[in-house]
Structures are given as C-alpha cells and as structure tokens.
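Just so you know, these numbers use all the heavy atoms, side chains as well, and skip hydrogens, waters and symmetry mates. Note on naming: letters A, B, ... go to the chains in the order of the sequence lines (proteins, then strands), and numbering restarts at 1 for each one.
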There are 2 protein chains.
Amino acid sequence: MVRPTDSTQPRTIKEIAAVAGVSKSTVSRVLNDTPGVSPKARELVRSAIEATGYQPNRAARSLVTRATGSIGLVVSEAHARIFSDPFFASMVRGATQVVRPLGIHLVLMLAEDQRARDQLLEYLRHGHVDGVLFVSTHAADPLPRILVAERLPVVLSGRPVSRLQVSYVDVDSVAGAGLAVEHLLELGRRRIATIAGPQDMPAGQDRLRGFTEALAAHGVRPGPVAYGDFDRGSGARAMEELLASGAPFDGLFVASDLMALDALAVLREHALRVPEDVAVVGFDDSVAATQARPALTTVRQPVEEMAKALTLTLLDRIKDPDAPITSRVFPPKLVRRAST
Amino acid sequence: MVRPTDSTQPRTIKEIAAVAGVSKSTVSRVLNDTPGVSPKARELVRSAIEATGYQPNRAARSLVTRATGSIGLVVSEAHARIFSDPFFASMVRGATQVVRPLGIHLVLMLAEDQRARDQLLEYLRHGHVDGVLFVSTHAADPLPRILVAERLPVVLSGRPVSRLQVSYVDVDSVAGAGLAVEHLLELGRRRIATIAGPQDMPAGQDRLRGFTEALAAHGVRPGPVAYGDFDRGSGARAMEELLASGAPFDGLFVASDLMALDALAVLREHALRVPEDVAVVGFDDSVAATQARPALTTVRQPVEEMAKALTLTLLDRIKDPDAPITSRVFPPKLVRRAST
DNA sequence: CGTCGCTGTGGGACCGTTCCCATCCCACCG
DNA sequence: CGGTGGGATGGGAACGGTCCCACAGCGACG
C-alpha cells in the first residue's frame, strides 16, 4: 500500500509540462505520438521526460482509455506438464520480448480445474485484461470459444478443433511428420511404422496425415500404425501393439517425444537396438528428447518465433477487434540426435 | 482498446448505490469492509452487488489507493531450466491459489540477461507492481538486494547468500540430506559417497552439511566427496572423480536430480548396477527423477505449500512494509523409487 | 486589408474509485 | 426539555491521465 515516495522524481504529466514549459495536453500528445505537435515542442517534452525519468501512471491512463495494458497468458493445462516443457519457457520468452518494450503486463492465469475455469471466465469477462493468449494444447477447451463470443480478443497457440473465428499460430505438423519420414527414408529405412497421436486432436490428425502422405510421395508403403494420447505411458502400449502386429519395421515415427521415450524403453526390453534395428524419430523436441538414451532425433517447432507472432497477432486484434482472422503456420525443423 | 459494452451490467459504484438506495460512499465502505456501516445498509449493498455481478474498476481504485493490485513473479533464471522443472509449475500453482481469490494479478517477468534485468529494475522502481516474488535459485542475483534497498516489498524462494534483510521461504536442505543419508543407512549401506553442489550457494552448502552431520550422528565415516554445479553435465565429471578416487562406496547421495542423472549414466558405463552395487538418492524430485532409469529415489520439497507461504508473506509485507522479516523453512520428504 | 482556414496549443471535463469532512439523527444525560 | 456526543450517511475533492473543444497566430487569398 505504501509506495516509497520518490520526492525527487516527477510523477505526473503536469510536472513534466512545467519542466518542458508546455501544457499537459502537449505532453500527453507527445506520449501518445499524436500528430499535430511542433517538432520544437516535441523535442522539449522528450528531453524533459528523458531528464526526469518520468513514466506515465498506468492506472490513470487505464481509467480513461478503458484499456488495462495487460494481457492474460492462460495456461489451461490440467497437468503440470505444460510447464515441464521447454515449449512453455520459449513461449514465455517470446511473448515477453514483444510485450516488455511496450510496457504491457503479461498476467499469468491458470485454469487447472472447472472451478478455476469458471472464476477465470467471470474475471476475464469483466475486462481485467485487454486480450488473452491461450497456451493450451488442449483443443477441446471451451474457454476460447466463449471468450470469442464475448468479443474479447483471443489468440490461440495451436489450431482449434472446430471452425472457430479465432486467429491462431501453429507449427506445420504435416510438414513436420514429412521431415521425419524423409529423414528415415534417407537413412535407407523402408519399413516405417508410426505411433500416432489421438485422432480427435488437430496435431494428432496432421502428424498421421503427414506420415502417410510423405510415404506415398516416395512410393513407400506405410508400416503398422498404433495410437497413443501424446502422453507418457500411452506410448508403451502402442509400442507393444506394433511389435505384436508381427509386421517388420526398421524405422519408427512417434508423434510426441513423451511417447517416443516409452517406445525406446519397450524396444530395449525387447532387445532391439536403437538406431541399428529401429531408427526412431520423435516430435516436439521436449526436454525429454535430450535426456533419452539414446538421445532422441525429433522435430522441433520454432517456438520463440511462434510466441512472438502469437503476441503480435493478439496486439493487432486488441487494436482492431474487427480485423479479419490472421493465422500463421510455421515450418518445423528436424533435430538429429543419436536415435537415428 | 474497444471493450464490449455490457449495457445491462452496472459498471460503477454509483449505479450500485442507486440500486441499493444508498450513497456511493456507503457502497465503497462495504466493498472495503470498513466498519461503521449499519447491518441493514451492508446487506442492501451486498445483495445489489450480488444481483448485478458488479466488480469494482481496478484502474480507478488503483489511481487513488496508489496500489496496483499486481505482484511480479520474477524469474531471474538465465536458462530455460527453471521452467522445465515441476518446481516452477507448483510454484505458480501455489501462488495462483493465494492470489486469485483476492483478485490480485500475478505478472510474469523474465530477467534473462543484463539488459532485461536493467529494464526490469527501472520498471519495478516505478511502482508498477506492489511487490515482487523471486523464484530464482540463482543466489548471486543482485536484483533482490537493490529492490529491498528501494523499499519495494520482496520475498525470495530460497535463502539468500548473504545476510539480506528480506523474508524467504526455503526447504530444509540439511534435513533433506539427512533423510537421504538415513535412508541409505537403513538399507544397510555403510560406505556412502556424495556429489555435492557448489559451495558458494546456500543449497550446496546445506546439503553437504546435512550429509556429513547425519553420518556423524550415526557414527559412520563419510565416503568420498566430489563437487558439481547442480546442473546437467557437471555430475558426470564428479562421478568419474569419485570412481577414480578408489575409495569404495555402496551408497551415493547426489545434491541434485540432474547431477544424479549423470551419475546413473556413468555408473552404467562402468558396469555398476543401481541399486545393487550402488544405491543412489537425488534431491529435488524434478521431472528427471521419474524419467531416469532406474527411477530415482529423491528428496522432495513441498513446493506448492512453500509457494503459498511465499505469496502470503509477500502480501503481509505489502500491507506492512516495516514488519519484521519472517522466513519459513519447510521439511522435505523422501520419495522412494527404484534407485535404492 | 479583412477574412478565411489551418496548424499548434491550452483549458477543462471526465473516467470510477477512495476518503475526508460535514451533516443528520437519535439516545442519553443533566 | 435542551444540549451533547457518537454512529451512520452523503457530498465532493482528489488521484493522473486523455481528449474534446476553443482559441491564438499566421500565411494566403480575394
């Protein structure tokens, strides 16, 4: 409550006006880059601000502009998983880089359970932030839809399941799976299996589609397919299925690193060598990929760049909420390690 | 900028006053739990607020109270590492739980490099947040000291290196190391080595001290000691050192999970079985611990509880900046897995 | 030479709270 | 029965910006 009163520093626009010898209106104009200020006055104000280290009062500005200068970073992941991902770290770093020079606050908001979700919705409805960044791989989340309907600027990381009038930023999963397949083909592998993700999620669909299309493009028949849910644990079951199917394979594309980790363990249990007997490629380039043994070859998303695009898109939307939807899809990159 | 105008919902205290049939002063009093309002009026206002779903305007309130209703969560970790830790996830969850019901914003702030650090400092100085939560294991960080000197409420997670007039919340590292040692002793191991952390960090010091003290308490002579820097990679060197020392050992306490991961790999390379030949205990219970093979027995901190305490301490400090320092140290817990 | 218009500037209302202060009412006491 | 004091209440000034509007100054043009 008690703020240290820096008696030396000017805290109001009026004081700056006095220092610069102009009216507070002119100072305000300079602060907001409004045209119609003489170069002389502009310079006068600028140097007064420079000299005093003045920063405008957020609250006062917010009160009249009805903008908060904050955007919400909603993490609607039930598990801790999203944090345990370098994905999240890079996301935050990218968003921060965009937001910091503008003095916009990145407000962290968790939606762990239904109650939190309800509270959050109520909160966002009251305009406590100017817009929302969704860093959620959980495509079924109803929150984005609701907020879009309420006309709150929203941008998603990851393509939404259904046709939703919302901008998003995503990695090209189809191309990513293609990269993986082509890498395996280049290594001379011809019998390529896959552990696919859940088919009710865009990422799951696209990665499987990229797999089959890339093989088709090279005239290679796809090997056996099993399904997991992207998470740790589900990959083991799928791997067992593949092995039980009897269909031979010397290459394996797994739609997530976490499942690939399971796959590696199961392969080892079955005394199959990686990469000699089976070359394995994952997806995500999560922290698990480097910690795996052997270290996992995987498909990386340019997350930081994506985060910047995401944030910029949101800021655009906040400036003009009626602008048309603009989504961006980024190209992935193959990171080669010891598993291929 | 353009906020959806919910024409139906009252947005001002005046409107609530009209609905309740009182003056805006009385509404304000009810909102702030100020005494001196008749029960009748209080109830009238309460139900008016309830009925309309009114929420006071942050900016207007902030303007006059000179408090922002936001606290900064400063992550002053250069690497992405802190995010990749369930530690961080739990930290955020704990802080959120405290902060959400109070309508206080948790503003995420990164201090990746020196430039960011300078900007951040400048920013915090201008009172854009009411207080700062430091989630930084990096004890040498000068930021807390500066902010304390500027009289900005600050609370640290992790004991600071030097005597700093600041509250902190930490896990009892000495006791944690003790748990690890006692566990190994119970398993019948008598020759116990350790890979200690850096001795210029409190956590490094305490974990080594706990190790030696616990052994001394049981009259067991400590085995060889090697040092790492807590990070991935440094554990391998230390492990090699221990093996090269020639001193035999059947138990190993490693001061961080990441180093323990390295140790496991080196032990495997040397054809030593875990836990048969060497039982290994880590520290932190990071995500790496469960992903290790064999899964790592380790010492866990009650992070979420610690985060709550951290946040509550900060809020207390904001309320009364001159209150005496109050730090809390939490007891750790041993999590037994396959490596012992 | 008067008027018009245009650029640059300043004054002041307003945003939605809090909080100080004045006022009112009522009970109690001398 | 008038005076007093204290609790409840309301009015209005502030908080520090933005932005509308009025107006000064000045060159151009009829």
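Among dT18(C), dC19(D), dT17(C), the nucleotide with an atom closest to any side-chain atom of S25(A) is dC19(D). The side chain of R29(B) lies closest to dC20(C) when the candidates are dC20(D), dT17(C), dC20(C). Considering only the side chain of V64(A), dG17(D) comes nearest among dG16(C), dG17(D), dG10(D). Between dG16(C), dC20(C), dG17(D), one nucleotide has an atom nearer to the side chain of R66(A) than all others, and that is dG16(C). Candidate nucleotides dT18(C), dT17(C), dG16(D) were compared by shortest atom distance to the side chain of L63(B), and dG16(D) ranks first.
When rounded to the nearest whole Å, the span between CZ of R61(B) and P of dC19(C) equals 10 Å. Computed from coordinates, the K40(A) NZ to dT9(C) P distance equals 7 Å when rounded to whole Å. Rounded to whole Å, atom C1' of dT18(D) lies 8 Å from atom NZ of K24(A). Rounded to a whole Å, the NZ atom of K14(B) is 20 Å from the P atom of dT9(D). For the pair H126(A) NE2 and dG16(C) P, the computed distance is 14 Å after rounding to whole Å. Atom CD1 of I13(A) is separated from atom C1' of dC14(C) by 15 Å (rounded to the nearest Å). A straight line from CG of N57(B) to P of dG17(D) spans 16 Å, rounded to a whole angstrom. Summarising the geometry, the separation between CD1 on I16(A) and P on dG17(D) is reported as 9 Å, rounded to the nearest angstrom.
Across the helix from dC1(C)-dG30(D) to dG30(C)-dC1(D), the helix axis at one end is tilted relative to the axis at the other end by 70° (nearest 10 degrees, each axis from five pairs).
With respect to the salt-bridge test (charged N to carboxylate O, under 4.0 angstrom), the residues K319(A) and D130(A) do not qualify.
What you find for H128(B) and P56(A) is that their closest heavy atoms are NE2-O, 4.4 Å. Scanning both residues, L110(A) and E112(A), for their nearest heavy atoms gives O-OE2, 3.3 Å.
For dG10(D), the OP1/OP2 oxygens have a side-chain nitrogen or oxygen of S23(B) closer than 4.0 Å. OP1 or OP2 of dT9(C) sits under 4.0 Å from a side-chain N or O of S38(A). Taking 4.0 angstrom as the limit, Y54(A) places none of its side-chain polar atoms (N or O) nearer than this to OP1 or OP2 of dG16(D).
Here the side chains of M91(A) and S157(A) are in contact, with some heavy-atom distance below 4.5 Å. Using a 4.5 Å heavy-atom threshold, the side chains of P144(B) and V166(B) count as separate. No side-chain heavy atom of H105(A) sits less than 4.5 Å from a side-chain heavy atom of H105(B). Counting only heavy atoms from C-beta outward, the side chains of L31(A) and R61(A) approach each other to under 4.5 Å.
Under the rule for a side chain to side chain contact (heavy atoms under 4.5 Å, CB included), the partners of V37(A) that lie at least two apart in sequence or sit in another chain are T26(A), R29(A), V30(A), A41(A), R42(A).
Each of T26(B) and S28(A) has a nearest nucleotide on DNA chain D; the 5'-most of these lies closest to T26(B). Residue-to-nucleotide proximity on DNA chain C shows that, of L31(B) and G36(A), the 5′-proximal contact is made by G36(A).
The residue R58(B) sits apart from the nucleic acid: no heavy atom pair falls under 4.0 Å. Looking at heavy-atom distances under 4.0 Å, A59(A) makes no contact with the nucleic acid at all.
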